[in-house]
Amino acid sequence: MKDWSIWTFCYAMGKLPYDFLSGSPVNSNRGVVDVPMLVTLLRSDDDEFVLIDTGFATGESMTGNKFADFVRSDQLLSRFGIDPGKIRKVILTHLHFDHAGNLPGFP
């Protein structure tokens, strides 16, 4: 049986409407909340990697809003000594741009 570690990486910071995160209409018009944009990496004791979500490829949303402190997830993993080319399995939780937008970064 393999032992696994779980690594979570913040690749950008976003601002999302409070009602988006906590339910409308009760929380409408309450401003925005700082939200870390995350990807998660599973690493086994024999260096098998499984990436959960890929983040997005640019620091802009489809509405033109920019995300603070953006770095592409493949580049971020490289900073921590993890070769994106060694990731053979990617799990996408869903297909929104902030979860699957950088899929080409993990061939």
Side-chain angles (χ1 to χ4, degrees):
M1 182 184 310
K2 293 183 184 186
D3 285 326
W4 293 84
S5 59
I6 301 172
W7 302 32
T8 301
F9 297 89
C10 177
Y11 65 89
M13 289 297 294
K15 291 190 178 292
L16 295 176
Y18 185 75
D19 59 337
F20 177 79
L21 297 172
S22 60
S24 289
V26 174
N27 291 302
S28 292
N29 301 316
R30 288 193 163 181
V32 295
V33 178
D34 291 327
V35 177
M37 310 305 287
L38 306 173
V39 295
T40 301
L41 182 72
L42 307 178
R43 183 178 189 171
S44 72
D45 55 2
D46 63 354
D47 277 343
E48 179 181 355
F49 296 96
V50 178
L51 184 66
I52 301 172
D53 291 332
T54 65
F56 39 79
T58 70
E60 291 187 20
S61 75
M62 293 174 288
T63 63
N65 293 329
K66 296 190 185 270
F67 290 85
D69 304 321
F70 170 75
V71 60
R72 265 193 1 234
S73 55
D74 53 323
Q75 295 170 343
L76 182 59
L77 294 176
S78 291
R79 290 182 186 177
F80 286 88
I82 299 162
D83 178 1
K86 288 187 174 184
I87 297 172
R88 300 284 181 240
K89 296 177 184 172
V90 174
I91 297 170
L92 300 175
T93 58
H94 59 285
L95 297 179
H96 288 168
F97 80 102
D98 56 324
H99 293 262
N102 191 31
L103 192 56
F106 301 92

What I'd like to find out is whether the side chain of [X] reaches to under 4.5 Å of the side chain of [Y], using heavy atoms alone.
X: F97; Y: T58; answer: no
X: I82; Y: W7; answer: yes
X: N102; Y: Y11; answer: no
X: I87; Y: L41; answer: yes
X: T8; Y: T40; answer: yes
X: D34; Y: K15; answer: yes
X: I91; Y: L42; answer: no

Establish whether [X] and [Y] are linked, either directly or via other cluster members, by ILVMFWY side-chain heavy-atom contacts under 4.5 Å.
X: V71; Y: M13; result: no
X: L103; Y: V39; result: yes
X: Y18; Y: F20; result: yes
X: M37; Y: F80; result: yes
X: I6; Y: L76; result: no

Could you pull out the closest heavy-atom pair between [X] and [Y], with the gap in Å?
X: F106; Y: S73; value: CE1-OG, 3.4 Å
X: P36; Y: C10; value: CB-SG, 3.9 Å
X: G101; Y: T54; value: N-OG1, 3.7 Å
X: G105; Y: D74; value: O-CB, 3.7 Å

Rounded to the nearest 0.5 Å, how far does CZ of R43 lie from CG of D3?
->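 Atom-to-atom, D3:CG and R43:CZ are 13.5 Å apart.
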Quickly, which of H94, H99, H96 forms a side-chain hydrogen bond (donor to acceptor under 3.5 Å, both in side chains) with D53? Name it, please.
->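 Going through H94, H99, H96 one by one, the side-chain hydrogen bond (donor to acceptor under 3.5 Å, both in side chains) with D53 is satisfied by H99 alone.
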With sequence neighbours left out, what residues match S78 under side chain to side chain donor-acceptor pair (under 3.5 Å)?
->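 Listed in chain order: nothing, the list is empty.
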Look at atom CG of D45 and say whether more than 12 heavy atoms of other residues, nucleotides or ligands are closer to it than 6.0 Å.
->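 Atom CG in D45 is packed in, count exceeds 12.
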In sequence, state the C-alpha distance, the side-chain angles, and the governing distance for F49 and L77, and then conclude on side chain to side chain contact (heavy atoms under 4.5 Å, CB included).
-> CA-CA 11 Å; F49 296 96; L77 294 176; over 6 Å; no
Are the aromatic ring centres of F56 and F70 under 6.0 angstrom apart?
->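 For F56 and F70, the ring centres are under 6.0 Å apart.
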